[in-house]
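What's counted below: heavy atoms across the whole structure, side chains too, no hydrogens, waters or symmetry copies. We're numbering straight along the sequence, starting at 1.
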Amino acid sequence: MSAEIILRRVELTLAEPHRAAHGTVAARPTLIVEFRSDNDPASPTAVSGWGECPALPDPGYFYEYTAGAWAMLCDVLIPAVIAGGLLTPDAVEGAMSAVPGHPMARSALALAAEDLAARRRNETLAQRWGPAADTLPAGVALSLRTGQQRPSRERSTTGYQGDTSAGGNDNSNSRNPVGSGDAANADLAERAVALAGAGYRRLKIKIQPGLDLVPLGAVSDALRSSGDGDVEVAADANASYRSDDPDHLDALIALDRLGLAWLEQPFTADDLVGHAQLAQRLDTPICLDESVTSLGVVETALALGLRPIMCVKAARLGGPTPARRLLDWCHDEGLDAYIGGMLSSGIGRAADRALAGLAAANRVGDIGGDDRYFTEDVTSPVAIDREGRVPTVGVEGVAGLGVDVDVERLAKLTTDERRWTL
């Protein structure tokens, strides 16, 4: 009887480049962890549990990044789990407990342990973490197309393009880095209407200084004209505004007239005071994303008088267990919450669906059809149905994540691999 941990670096290509204030991602490396065990008496074949570390190529969105997370997993975290000798969720969490920080790397191992435990018991993660809804309303993030963007700092080896416009003070669209403003806004509005027609119930529009009121207004007007005014529209600033910049504050206050579902993370992650002060000047709810790194941080936000919507991302919290704890806390405190996405492969998105099915995740999250993500993925795609809903369990009868990993495609997309034996 034996068990093995396999760490793979997988290169995915987005179906369409993803643009946010912190940069643009087109090629998407991600780290996939497999816990393979052949010591289960109930199964004649090896059972594998899967996890993912969705750190981005560069530390623009969060301090963890792909190469750094690979080193942390190889040099510290996986050896600690190997030394512990067991791949159960409690054992894995205990083995990592002495290592501070690095939640995305930790989350990959925690999810693999949860998935392995669920598959051994022939239950889905939704059942293991439940009770959970059977289907979820579809939501998606949307941005101005990157193809119209003027050249900027570029890191071609990772597919990441740094965005020099995020910190500018000019809130007019005359310095629009996406170019041809009217055409770009019309294209954004057209795509929003198409997504609403496909059944998406919440559209989260990426904004930044100089690219805020006009594109958001174009989307809102187009949805009303198409008869889709009931579709929620939210704005996601990805911490690109400054609370000490009067122009930035004026621009954010101007968004209040649009009736947005929420304004997400206008300021930096540690500027909780700025968020609390802005909330007092707006009718639009404030949502925290980058700030949500621990329960202690969000307790501080409440102590400052802020009652935000919470964007809960398991990878940024260290795995599904702290994510579920935070969701339970939000429910107890009467705070709205939703499950956010990290441009993960089908493995990470399957876990997100299981979390999003929990009752405490009461707002429409970043859960949509898999066909919107990558040209090729490591799992079979899960689609939204005619009613605009996504199944919590992607493939009926499949335990754990609720999807099968295509091992042949995984091998094709793998660019590096390390193995450890217990």
Search all heavy atoms of [X] against all heavy atoms of [Y] and return the closest pair with its distance.
| X | Y | answer |
| --- | --- | --- |
| Val393 | Ala126 | CG2-CB, 4.2 Å |
| Pro57 | Ala27 | CG-O, 4.3 Å |
| Gly319 | Ala110 | CA-CB, 4.4 Å |
| Arg8 | Glu34 | NH1-OE1, 2.9 Å |
| Arg349 | Phe374 | NH1-CE1, 3.5 Å |
| Val395 | Val403 | CG2-CA, 4.3 Å |

[atom2] on [Y] to [atom1] on [X], rounded to 0.5 Å:
| X | Y | atom1 | atom2 | answer |
| --- | --- | --- | --- | --- |
| Leu223 | Leu203 | CG | CG | 6.0 Å |
| His102 | Leu73 | NE2 | CG | 10.0 Å |
| Asp283 | Leu260 | CG | CG | 11.5 Å |
| Leu355 | Ile367 | CG | CD1 | 8.5 Å |
| Asp236 | Ser143 | CG | OG | 10.5 Å |
| Ile384 | Asp371 | CD1 | CG | 7.5 Å |

According to side chain to side chain donor-acceptor pair (under 3.5 Å), who are the partners of [X], at least two apart in sequence or on a separate chain?
| X | result |
| --- | --- |
| Asp90 | none |
| Ser344 | none |
| Ser243 | Asp271 |

Would you find a donor on one side and an acceptor on the other, under 3.5 Å apart, between the side chain of [X] and the backbone of [Y]?
| X | Y | answer |
| --- | --- | --- |
| Asp58 | Gly60 | no |
| Ser240 | Ala237 | yes |
| Arg28 | Ser345 | no |
| Thr66 | Ala55 | yes |
| Thr392 | Ala133 | yes |

Does [X] come within less than 4.0 Å of [Y], counting only side-chain N to carboxylate O?
| X | Y | result |
| --- | --- | --- |
| Arg201 | Asp228 | no |
| Arg419 | Glu4 | yes |
| Glu64 | Arg316 | no |

Compare all side-chain heavy atoms of [X] with those of [Y] and state whether any distance is below 4.5 angstrom.
| X | Y | answer |
| --- | --- | --- |
| Pro29 | Arg9 | yes |
| Val233 | Leu216 | yes |
| Leu410 | Trp50 | yes |
| Ile347 | Asp115 | no |
| Leu288 | Leu306 | yes |
| Arg106 | Leu77 | yes |
| Val140 | Arg372 | yes |
| Pro209 | Asp247 | no |

For a quick test of your reading: what N or O donor-acceptor pairs under 3.5 Å do the side chains of residues 321-342 make, sequence neighbours left out?
| from | atom 1 | to | atom 2 | distance (Å) |
| --- | --- | --- | --- | --- |
| Asp336 | OD1 | Asn362 | ND2 | 2.8 |
| Asp336 | OD2 | Arg363 | NH1 | 2.9 |
| Tyr338 | OH | Lys204 | NZ | 3.0 |
| Tyr338 | OH | Glu264 | OE1 | 2.6 |
| Tyr338 | OH | Glu264 | OE2 | 3.2 |

Problem set entry | Full working for salt bridge (charged side-chain N to carboxylate O under 4.0 Å, His left out) between Asp245 and Arg242 | CA-CA 5 Å; Asp245 187 313; Arg242 291 181 49 164; 5.6 Å; no
Problem set entry | side-chain hydrogen bond (donor to acceptor under 3.5 Å, both in side chains) assessment of Glu114 paired with Trp129 | CA-CA 10 Å; Glu114 289 276 342; Trp129 299 339; 3.0 Å; yes
For this session: Apply the test side chain to side chain contact (heavy atoms under 4.5 Å, CB included) to residues Thr415 and Glu11: give CA-CA distance (whole Å), side-chain angles for both, the deciding distance (0.1 Å), then the verdict.
Result: CA-CA 7 Å; Thr415 60; Glu11 296 285 344; 3.3 Å; yes
For this session: Using the side-chain contact (heavy atoms from CB on, under 4.5 Å) rule, pick out the option among Leu258, Ile309, Leu252, Asp256 that qualifies with Leu263.
Result: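 Of the listed residues Leu258, Ile309, Leu252, Asp256, the side-chain contact (heavy atoms from CB on, under 4.5 Å) partner of Leu263 is Leu252.
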Exercise. Name the one of Val33, Leu116, Leu125 that satisfies side-chain contact (heavy atoms from CB on, under 4.5 Å) with Leu111?
Worked result: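 The passing option is Leu125.
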Problem set entry | Heavy atoms from other residues, nucleotides or ligands near CD of Glu417 exceed 12 (cutoff 6.0 Å) |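 Correct, the count exceeds 12.
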Exercise. What do you reckon, is OH of Tyr65 surrounded by more than 12 foreign heavy atoms closer than 6.0 Å?
Worked result: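 No - once you tally the heavy atoms of other residues, nucleotides and ligands closer than 6.0 Å, there are 12 at most.
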Problem set entry | Pair listing, side chain to side chain donor-acceptor pair (under 3.5 Å) test, anchored in residues 297-313, at least two apart |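 Output for this query lists Tyr61-Lys313, Asp289-Lys313.
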For this session: Apply side chain to side chain contact (heavy atoms under 4.5 Å, CB included) to Arg418 and Ile6, showing your working.
Result: CA-CA 6 Å; Arg418 290 280 306 274; Ile6 307 171; over 6 Å; no
Problem set entry | Residue pair Asn238 / Gln265, side-chain donor-acceptor N/O under 3.5 Å |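 No, Gln265 and Asn238 have no side-chain donor paired with an acceptor closer than 3.5 Å.
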Problem set entry | Distance-only donor-acceptor check, side chains Thr30 and Glu52, under 3.5 Å |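 Yes.
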For this session: Could you give me the CA-CA distance, side-chain angles and deciding distance for Leu31 and Val10, then say whether side chain to side chain contact (heavy atoms under 4.5 Å, CB included) is met?
Result: CA-CA 6 Å; Leu31 305 182; Val10 173; over 6 Å; no
Problem set entry | Working for salt bridge (charged side-chain N to carboxylate O under 4.0 Å, His left out), residues Arg224 and Asp230 | CA-CA 8 Å; Arg224 283 193 294 269; Asp230 59 337; over 6 Å; no
For this session: List the steps and the verdict of side chain to side chain contact (heavy atoms under 4.5 Å, CB included) for Leu272 and Ser291.
Result: CA-CA 8 Å; Leu272 296 177; Ser291 296; 4.0 Å; yes
For this session: Sequence neighbours left out, what passes ring pair (Phe, Tyr, Trp, His ring centres under 6.0 Å) with Tyr200? Give chain and number order.
Result: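 Not a single residue meets the ring pair (Phe, Tyr, Trp, His ring centres under 6.0 Å) criterion with Tyr200.
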